[in-house]
Amino acid sequence: MAAETFVQVRGRRWWREISWRYLVAAVAIVYAAFPIVYVLSASLSARGTLTGSNELFADVTTVQYDALFQTLFPQWMVNSLVIGGVTAVATVLMASAAAYAFSRFRFAGRRGGLTFLLLVQMFPQMLAFIAIFLLLLSLRDVIPILGLNSRLALICVYLGGALGANTFLMYGFFNSVPKELDEAAKIDGAGHARIFFTIILRLVAPVLAVVALLSFVGTFSDYIIAGIVLQDQDKLTIAVGLYQFIAGQFDARWGIFAAGATISALPIVILFLFLQRYIVGGLTAGSVKG
């Protein structure tokens with residue numbers, strides 16, 4: 001009798017305290033998954049439009065994907081992967097080096113530099129798109145590779161805008177690494193470069209993974225800056241290229257756009273799954289042991 005009463009009390013407690021969490025989780029999953037399922041259904045539809053697509057997966061065909069690969073979509077994907085990958089790696093190296101200098105060195109203007117970085121990150125880069133356009137337009141006549149319609153110029157623009165926020169983010173993480181590790185390495189004869197690359201970067205692996213992921217996602221999906229800098233069809237990124245399919249008022253090709261959006265989401269998902277292991281594992285692998 002006592003066991004039965006205990007089970008009943010425990011069951012009522014579960015419904016009162018825990019069951020609503022499953023309900024909220026289910027609603028959140030449905031809310032987040034429905035747009036993805038709808039886009040996937042539209043990409044597999046033969047109609048090529050969003051009208052009449054209320055019945056999900058009413059007809060399944062690869063017509064939209066076949067038409068997509070007849071365009072410059074593969075080249076756009078390669079451009080986005082190269083620009084996003086180079087920007088992510090360069091952002092991590094530049095921001096981590098700057099954060100290491102602010103964290104470990106004491107020099108004139110250090111506090112003012114940190115304040116300047118904090119102020120810079122308050123203004124989004126897209127506010128300066130007119131200045132960026134005019135600057136690259138002038139550079140094209142002097143240094144064509146760094147002027148308008150250059151992928152290298154676009155990477156440089158991304159790096160200039162990402163340095164402030166990421167440096168300030170890494171700075172706090174670098175401060176959590178004990179300075180005694182630097183002093184012990186210096187006693188063994190290690191220089192600043194060796195300490196930075198072989199010791200510090202390994203201990204701050206979680207923040208490096210976060211910065212790399214955010215940098216890649218931001219550049220891979222950017223439309224405004226990429227649309228201003230790049231002009232030739234074979235140099236466009238995936239966001240700018242896909243927009244051309246739906247830019248027309250009467251000839252929007254939503255089926256091809258949905259197919260391209262589905263494929264372009266795969267690199268971000270794969271990168272997140274790959275870096276997730278480092279983010280979680282780095283929290284314990286980077287701990288200091290006595």
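- Under 3.5 Å, the side chains of D66 and Q70 contain no donor-acceptor pair of N or O atoms.
- Atom CD1 of residue I195 and atom CD of residue E183 lie 9.5 Å apart, to the nearest 0.5 angstrom.
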> Between L230 and V240, does a side chain to side chain contact (heavy atoms under 4.5 Å, CB included) hold up when you go through it step by step?
Replying inline: CA-CA 9 Å; L230 303 177; V240 181; over 6 Å; no
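- A heavy-atom distance below 4.5 Å is found between the side chains of P267 and L81.
- Here the NZ-NZ distance, from K179 to K186, works out to 9.5 Å after rounding to the nearest 0.5 Å.
- How far SG of C156 is from CG of L139: 10.0 Å, rounded to the nearest 0.5 Å.
- Judged purely by atom type and a 3.5 angstrom limit, T87 uses its side chain to pair as donor or acceptor with the backbone of I83.
- Interatomic distance, CZ of R253 versus CG of L68, reported as 9.0 Å (0.5 Å rounding).
- Counting heavy atoms from C-beta on, the side chains of D222 and T237 never come closer than 4.5 Å.
- Relative orientation of the F196 and Y100 rings is tilted, given thresholds of 30° and 60° on the angle between their planes.
- Ring orientation note: the planes of F245 and W76 are tilted relative to one another, at an angle of 30° to 60°.
- Using a 30° and 60° split on the angle between ring planes, F216 and F220 fall in the parallel class, below 30°.
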>> Run Y65 and L44 through side chain to side chain contact (heavy atoms under 4.5 Å, CB included) and show every step you take.
In response: CA-CA 8 Å; Y65 290 92; L44 296 174; 3.6 Å; yes
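- Between S138 atom OG and I143 atom CD1 the span is 11.5 Å, to the nearest 0.5 Å.
- In this structure, V37 is not a member of the same hydrophobic cluster as I29, with clusters built from ILVMFWY side-chain heavy atoms closer than 4.5 Å.
- Pairing each heavy atom of S221 with each of A239, the nearest pair is O-CB, 3.9 Å.
- The minimum heavy-atom distance linking A212 with A88 is given by the pair O-CB, 3.7 Å.
- A pairwise comparison of heavy atoms in A42 and Q64 identifies O-CG, 4.4 Å as the closest pair.
- Under the 3.5 Å distance criterion, the side-chain polar atoms of T262 are matched with a main-chain donor or acceptor of A258.
- Note: I228 CD1 to L137 CG = 12.0 Å, rounded to the nearest 0.5 Å.
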> Does the pair L236 and Q233 meet the rule for a side chain to side chain contact (heavy atoms under 4.5 Å, CB included), with working shown?
Replying inline: CA-CA 6 Å; L236 299 181; Q233 289 292 321; 3.7 Å; yes
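- Between the side chain of T167 and the backbone N or O of A98, no donor-acceptor pair lies under 3.5 Å.
- The closest donor-acceptor contact from the side chain of R104 to the backbone of N175 lies at 3.5 Å or more, if one exists at all.
- The aromatic rings of F34 and Y38 are tilted relative to each other, their planes meeting at an angle between 30° and 60°.
- At distances below 3.5 Å, at least one donor-acceptor pair connects side-chain atoms of S264 with backbone N or O atoms of G260.
- Side chains of N166 and T91: a donor-acceptor N/O pair is absent below 3.5 angstrom, by distance only.
- In this structure, a donor-acceptor pair under 3.5 Å is absent between the side chains of R140 and N149.
- Side-chain heavy atoms closer than 4.5 Å link hydrophobic residues (I, L, V, M, F, W, Y) into clusters, and following such links, possibly through other members, connects F197 to F174.
- Between F173 and L203, the shortest heavy-atom contact is CE2-O, 4.2 Å.
- With D234 contributing its side chain and L72 its backbone, the two residues share no donor-acceptor pair below 3.5 Å.
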>> Quick one, S96 with L201, criterion side chain to side chain contact (heavy atoms under 4.5 Å, CB included). Give me CA distance, side-chain angles, the key distance, then yes/no.
In response: CA-CA 8 Å; S96 59; L201 290 186; 4.0 Å; yes
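- Linking ILVMFWY residues whenever their side-chain heavy atoms come closer than 4.5 Å, directly or via other members, leaves V63 and L242 in distinct clusters.
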